[in-house]
Number of protein chains: 2
Amino acid sequence: MEALADYFKVFSEPNRLAVLEALRDGPLNVTAVVDKTGLSQALVSKHLKLLMIAGVVHRRPEGSLVFYEVVDRSVFRLIAQAEKLLMASRRLQFEALAASL
Amino acid sequence: MEALADYFKVFSEPNRLAVLEALRDGPLNVTAVVDKTGLSQALVSKHLKLLMIAGVVHRRPEGSLVFYEVVDRSVFRLIAQAEKLLMASRRLQFEALAASL
DNA sequence: TCATGTCATAACGGCATCGTGATACTACAG
DNA sequence: CTGTAGTATCACGATGCCGTTATGACATGA
């Protein structure tokens with residue numbers, strides 16, 4: 001319901017997905033995510049905070065750096081599943097278009 | 001990326017999820033969805049249109065009624081997967097809270 | 001202590017989307 | 001043809017979120 005919709009909302013912004021993608025191969029500190037995504041530092045911090053509140057990533061300060069890490073890698077399975085559905089519906093829409101020509 | 005985020009956005013509104021849930025047990029016409037969800041007719045029409053553009057539901061006029069139907073029932077698997085992740089992260093956050101007491 | 005690099009936050013403007021109320025459109029019954 | 005039920009759309013106000021700029025807070029090294 002409400003909470004579930006909020007959870008989906010976490011993945012409903014391109015830049016947030018990009019931040020998440022940057023963390024796919026392991027923990028990174030904020031600056032590394034900034035470099036990897038090309039987003040502004042302030043924006044990356046905001047998105048990381050949101051991802052943390054949602055429980056998707058975990059925060060670990062180390063000296064003057066702060067590392068973020070994906071808590072449960074099965075979020076990537078969720079993303080993959082959504083990608084699959086998206087492509088399937090794209091294909092169906094294309095077929096519908098083709099059938100109407 | 002962009003398109004994937006938009007796809008997630010489809011599921012990021014409580015009322016849209018409610019409309020989808022109303023269609024879980026089979027096709028319904030608009031009024032039936034309105035009755036089942038308690039939402040206004042205009043709102044239900046809007047959400048159904050969005051769901052159709054996203055390729056999640058299919059529209060089938062029948063006389064003066066218009067039936068909507070979930071195209072690929074595996075969207076419910078996506079939703080279930082998200083629910084699972086949501087509950088897991090809730091549990092972890094609770095454990096972190098408990099550990100800090 | 002001071003300078004620097006790293007990260008977080010506040011304030012702001014801009015834009016998208018939500019929900020409502022009113023209205024148009026369509027099919028069908030009378 | 002007229003009325004009515006079902007559905008779609010428009011215009012609107014309100015709210016929320018995004019991204020930026022600027023600044024604050026913190027740890028480290030000189």
Side-chain angles (χ1 to χ4, degrees), chain A residues 1-23 26-71 96, chain B residues 1-23 26-71 82:
Chain A
M1 350 256 193
E2 183 75 33
L4 183 57
D6 284 342
Y7 191 73
F8 272 113
K9 194 173 298 184
V10 171
F11 306 98
S12 72
E13 298 304 291
N15 290 336
R16 209 141 53 217
L17 286 181
V19 168
L20 214 46
E21 202 58 36
L23 294 175
L28 288 182
N29 67 332
V30 178
T31 301
V33 174
V34 168
D35 292 344
K36 208 164 184 174
T37 60
L39 303 175
S40 78
Q41 184 266 317
L43 190 56
V44 167
S45 264
K46 263 194 186 178
H47 284 313
L48 284 172
K49 183 175 185 178
L50 265 182
L51 288 168
M52 220 195 64
I53 292 176
V56 175
V57 302
H58 170 253
R59 188 184 122 107
R60 176 167 45 89
E62 189 146 331
S64 70
L65 304 183
V66 177
F67 284 84
Y68 284 88
E69 179 173 14
V70 171
V71 170
Chain B
M1 349 247 191
E2 184 73 36
L4 182 58
D6 284 342
Y7 192 73
F8 272 113
K9 195 172 297 185
V10 170
F11 306 98
S12 72
E13 299 303 294
N15 290 336
R16 210 141 52 217
L17 285 181
V19 168
L20 214 45
E21 201 59 37
L23 295 175
L28 288 182
N29 67 333
V30 179
T31 300
V33 174
V34 168
D35 292 343
K36 207 163 186 174
T37 60
L39 303 175
S40 75
Q41 184 266 320
L43 191 55
V44 167
S45 264
K46 263 193 185 178
H47 284 313
L48 285 172
K49 183 175 184 178
L50 264 181
L51 289 168
M52 221 195 65
I53 292 176
V56 175
V57 303
H58 170 251
R59 189 183 122 107
R60 177 167 44 92
E62 188 144 332
S64 70
L65 305 183
V66 177
F67 284 85
Y68 284 88
E69 179 173 14
V70 171
V71 170

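Values reported hereafter were calculated over all heavy atoms of this structure, with side chains retained and with hydrogens, waters and symmetry mates removed. Letters A, B, ... are given to chains in the order of the sequence lines, protein chains preceding strands, and every chain is numbered from 1.
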*CG of B/Leu65 versus P of D/dT4: gap in Å, rounded?*
19 Å
_Holding to ring pair (Phe, Tyr, Trp, His ring centres under 6.0 Å), I want the full list of residues that pass it with A/Tyr68, two or more places apart in sequence or in another chain._
none
*Would one find a side-chain N or O of B/Thr31 under 4.0 angstrom from OP1 or OP2 of D/dA5?*
no
*asked:* Counting the atoms with a prime plus P, OP1 and OP2 as sugar-phosphate, which does A/Phe67 contact under 4.0 Å by heavy atoms, base, sugar-phosphate, or nothing?
replied: nothing
*Starting from the 5' end of DNA chain D, give me the residue, A/Lys9 or A/Gly63, whose nearest nucleotide shows up first.*
A/Lys9
*Length of the line joining B/Arg59:CZ and C/dT26:P, which is rounded to integer Å*: 11 Å
*Looking at residues 35-50 of chain B, who's got a heavy atom less than 4.0 Å off DNA chain D?*
B/Gln41, B/Ala42, B/Ser45, B/Lys46, B/Lys49
*To the nearest 0.5 Å, what is the distance between CG (A/Leu23) and NE2 (A/His58)?*
13.0 Å
*Could you tell me the separation between the CG atom of A/Asp6 and the CD atom of B/Glu13, rounded to the nearest 0.5 Å?*
8.5 Å
*asked:* From CE of B/Met52 over to C1' of D/dA8, roughly how many Å is that when rounded to an integer?
replied: 12 Å
*Can you tell me how far P of D/dG19 sits from CZ of A/Arg16, to the nearest Å?*
8 Å
*With rounding to the nearest 0.5 Å, note down the distance linking CZ in A/Arg60 to CD in A/Glu69.*
6.0 Å
*Nearest-angstrom distance from the residue atom CZ of A/Phe8 to P of C/dT17*: 18 Å
*Below 4.0 angstrom from OP1 or OP2 of C/dT6, is there any side-chain N or O of A/Tyr68?*
no
_Using whole Å, what does the distance between atom P of nucleotide C/dC18 and atom CG of B/Leu51 come to?_
11 Å
*When you measure from the side chain of A/Arg16 to the backbone N and O of A/Val10, does any donor-acceptor pair fall under 3.5 Å?*
yes
*Between CG of B/Leu51 and NZ of B/Lys49, what distance do you get to the nearest 0.5 Å?*
12.5 Å
*Between B/Asn15 and C/dC18, does any side-chain N or O lie under 4.0 Å from OP1 or OP2?*
no
*Heavy atoms only: give me the nearest B/Ser12-B/Lys9 pair and the separation to one decimal.*
OG-O, 2.7 Å
*Whole-Å gap separating P (D/dG16) and CD (A/Glu13)*: 16 Å
_Rounding to an integer number of Å, can you tell me how far B/Asn29 CG sits from C/dT26 P?_
19 Å
